[in-house]
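None of these values were measured; they are calculated from a predicted model. Proteins get letters first, then strands, A, B, ... in listed order; numbering begins at 1 in each.
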There are 2 protein chains.
Amino acid sequence: MIGQRTTRQRTAIAALLDEVDEFRSAQQLHALLAARGETIGLATVYRTLGAMADADELDTLRTDSGQSLYRRCERQHHHHLVCRRCGATVEVGGAGLESVVKAVAAAHGYTDVTHTLELFGTCTRCTRL
Amino acid sequence: MIGQRTTRQRTAIAALLDEVDEFRSAQQLHALLAARGETIGLATVYRTLGAMADADELDTLRTDSGQSLYRRCERQHHHHLVCRRCGATVEVGGAGLESVVKAVAAAHGYTDVTHTLELFGTCTRCTRL
DNA sequence: GCCGCTAAAGAGATTAGTTCTCATTACCCT
DNA sequence: AGGGTAATGAGAACTAATCTCTTTAGCGGC
């Protein structure tokens, strides 16, 4: 992470993230920590989440209203396919997607390219309802 | 737009957007207007841009830092490859991208899929600087 | 061309989310 | 146990955007 020390606060945040598997905002996580008796500064939550995201330990995405959401992730680059009715999330991605994106960018001479991609749809279950 | 009146301010904003073909933030547009002697309130710029975006007269996108950018748009589905230094924008998209995305979604049984995709990179010119 | 209705503008306050500052605390190595 | 220093916490600051409320000015009707 940022430095190297294992603090009570970082431990608590990591533990919480292990339990929650939906995307949550920094503020929600802060409130959840408070609810279970952990007094941790909001700034610390932001710092820790930011650091974990930098270290690719977390997935982040941005809502329409500009809020950042965080969730534990499985380390490789991927995107989300989110059901717009029930919120069920599937992680997608892989060579196909990435190479097409990379090719498009390269075709225009752009370097050092990053991308954001979010898919929204209706999942199998919700389609049946 | 919101109502019906053609005001000096709306005319100026529309004219500016016709000249600029890169994505610009509301604040940048406000500054550009000020630079050319138009005194228009920031709130008015936001209101007008918001209204134009609602009316599908503008393309909008969100930067990493959560800022909204606006640009006059050409109404068909496409994505943007934006230079993170100078803002130069290329419209990309086409069968390759779309079909890969569609295939991925279909593979998970999701229907009625929409997607957002933004590419950020450094353009040829800025790479040389 | 003038009047009046009311949409729209402008200034500034406000909000939401996030980041920064800096004094204090507490890891962790020896 | 002691000390160096990374990390924390409280609150201020910052950024982008929105809201409030008073004032201004389109525009249709006369």
- Query: Which part of the nucleic acid, if any, lies within reach of B:Thr39 when heavy atoms closer than 4.0 Å are counted: base, sugar-phosphate only, or nothing?
  - Reply: sugar-phosphate
- Name the one of B:Thr44, B:Leu49, B:Leu42 that satisfies side-chain contact (heavy atoms from CB on, under 4.5 Å) with B:His30? B:Leu42
- Item | Side-chain donor/acceptor contact of A:Arg47 with base of D:dG9 under 3.5 Å | yes
- Query: Please give, in whole Å, the distance from C:dG17 C1' to A:Leu49 CG?
  - Reply: 13 Å
- Message: I need the CG-C1' distance between A:Leu42 and D:dA7, as an integer number of Å.
- Response: 16 Å
- Query: For B:Ile40, which contact category applies under a 4.0 Å heavy-atom criterion: base, sugar-phosphate, or nothing?
  - Reply: sugar-phosphate
- Message: Any base atoms under 4.0 Å from B:Ser65, or only sugar-phosphate, or nothing? Heavy atoms, all strands.
- Response: nothing
- Could you check which of C:dG12, D:dA17, C:dC5 has an atom nearest any side-chain atom of B:Gln67? D:dA17
- Of the candidates D:dA7, C:dC5, D:dG9, the side chain of B:Arg5 sits closest to C:dC5
- Item | Spacing of B:Leu69 atom CG relative to D:dA16 atom C1', expressed in whole Å | 12 Å
- A:Val92 and A:His80 have their tightest heavy-atom pair at CG2-N, 4.4 Å
- Kindly say if B:Arg8 contacts the phosphate of D:dT24, meaning a side-chain N or O under 4.0 Å from OP1 or OP2. no
- Query: With the threshold set at 4.0 Å, does a side-chain nitrogen-carboxylate oxygen contact exist between A:Arg8 and A:Glu38?
  - Reply: yes
- Item | Closest to the A:Ser68 side chain, choosing from D:dA17, C:dT18, C:dA9 | C:dT18
- Message: From CG of B:Asp54 over to C1' of D:dA17, roughly how many Å is that when rounded to an integer?
- Response: 15 Å
- Note on the structure: Smallest heavy-atom separation, A:Gly66 atom then B:Arg62 atom, equals CA-NH1, 3.5 Å
- Side chain of B:Thr48: nearest nucleotide among D:dC27, D:dG9, C:dA9? C:dA9
- Item | For the student: nearest non-hydrogen atoms of B:His115 and B:Glu98, plus distance | CE1-OE1, 2.9 Å
- Message: Please report the distance, rounded to the nearest Å, between OH in A:Tyr70 and P in C:dG17.
- Response: 12 Å
- Message: Nearest to the B:Tyr46 side chain among D:dA10, D:dA16, D:dT8, which nucleotide is it?
- Response: D:dA16
- Between B:Thr6 and D:dC27, does any side-chain N or O lie under 4.0 Å from OP1 or OP2? yes
- Task: Between A:Ala43 and B:Gln27, name the one whose nearest nucleotide on DNA chain D is closer to the 5' end.
- Result: A:Ala43
- Message: Without decimals, in angstroms, what is the distance between B:His30 NE2 and D:dA17 C1'?
- Response: 13 Å
- Item | 5′-ward residue of the pair B:Gln9/B:Arg62 relative to DNA chain D | B:Arg62
- Query: Do any side-chain nitrogens or oxygens of A:Thr7 fall under 4.0 Å of OP1 or OP2 in C:dC27?
  - Reply: no
